[in-house]
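Structure record follows, encoded as structure tokens.
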Amino acid sequence: MSIQQTDVLYTAVATAENGRDGRVATDDGKLHVVVNPPKEMGGSGAGTNPEQLFAAGYSACFQGALGVVARQENADISGSTVTAKVGIGKNDDGFGIIVEISAEIPNVDAAAARGLLEKAHQVCPYSKATRGNITVTLV
């Protein structure tokens, strides 16, 4: 379900200059990075790229969702990590992305970890935003 503007608790603001071969900065100055296409796409690979930034945001958000679910389930996820792999490639409309989410959860068994991942995928705002738009695989 969508939220309304009146429901917004925080708004992040970032501005890009020169697209994939330039700079991206937040309005508060906490993030200011050079972006360049990766070497695999013909760029210099000198800076970060939008896929890395998306992977960083998605993995952090998903880890937060995992924490919410773990608290509800009384599961110990201390020492856990979440990794997001974001791939980009050509499709019928130009380019598209695909995501793979994995987690290391040392204090729960494999079946419980899988259940936590699936539940986190239902509540993570990034997962909700991408659902039905791109392929997201939990591994």
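- By the side chain to side chain donor-acceptor pair (under 3.5 Å) test, E118 is found to be paired with R114, residues two or more places apart in sequence or in another chain being considered.
- Residues F62 and I97 fall within the same hydrophobic cluster, defined by Ile, Leu, Val, Met, Phe, Trp and Tyr side chains chained together at heavy-atom separations under 4.5 Å.
- For the salt bridge (charged side-chain N to carboxylate O under 4.0 Å, His left out) test, no residue two or more places apart in sequence or in another chain qualifies with K128.
- For R20, the salt bridge (charged side-chain N to carboxylate O under 4.0 Å, His left out) partners are E51, not counting sequence neighbours.
- With sequence neighbours left out, the salt bridge (charged side-chain N to carboxylate O under 4.0 Å, His left out) criterion links E104 to no other residue.
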Kindly list each side-chain donor-acceptor pair under 3.5 angstrom involving residues 3-15, sequence neighbours excluded, with atom names and distances?
{"unit_1": "D7", "atom_1": "OD2", "unit_2": "Q4", "atom_2": "N", "d": "2.9"}

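- When the salt bridge (charged side-chain N to carboxylate O under 4.0 Å, His left out) test is applied to R23, no partner is found at least two apart in sequence or on another chain.
- A chain of hydrophobic side-chain contacts below 4.5 Å, direct or via other Ile, Leu, Val, Met, Phe, Trp or Tyr residues, connects L138 to V108.
- No hydrogens or angles considered: nothing links the side chains of S127 and Q122 as a donor-acceptor pair under 3.5 Å.
- Grouping the Ile, Leu, Val, Met, Phe, Trp and Tyr side chains by contacts below 4.5 angstrom, directly or via other members, places V99 apart from L53.
- In this structure, V139 stands alone, with no Ile, Leu, Val, Met, Phe, Trp or Tyr side-chain heavy atom under 4.5 Å from its own, directly or through other members.
- Residues I101 and A84 share a closest heavy-atom pair of CD1-CB, 3.7 Å.
- Placement of I134 and I88 within a single hydrophobic cluster is found when ILVMFWY residues are connected by side-chain heavy-atom separations under 4.5 Å, directly or transitively.
- Cluster partners of I98 are absent, since no Ile, Leu, Val, Met, Phe, Trp or Tyr has side-chain heavy atoms less than 4.5 Å from it.
- With sequence neighbours excluded, no residue forms a side chain to side chain donor-acceptor pair (under 3.5 Å) with Q72.
- Heavy atoms only, all atoms of each residue included: C124 and C61 are closest at SG-SG, 3.5 Å.
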Side-chain donor-acceptor distances from residues 35-44 under 3.5 Å, at least two apart:
{"unit_1": "N36", "atom_1": "OD1", "unit_2": "G47", "atom_2": "N", "d": "2.8"}
{"unit_1": "N36", "atom_1": "ND2", "unit_2": "D21", "atom_2": "OD1", "d": "2.6"}
{"unit_1": "S44", "atom_1": "OG", "unit_2": "A46", "atom_2": "N", "d": "3.2"}

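- Listed by first then second residue, pairs satisfying ring-ring contact (aromatic ring centres under 6.0 Å, His included) with a partner in residues 64-101 number zero, not counting sequence neighbours.
- Within the structure, ring-ring contact (aromatic ring centres under 6.0 Å, His included) contacts touching residues 107-139 (residues at least two apart or in different chains) are F54-Y126, Y58-Y126.
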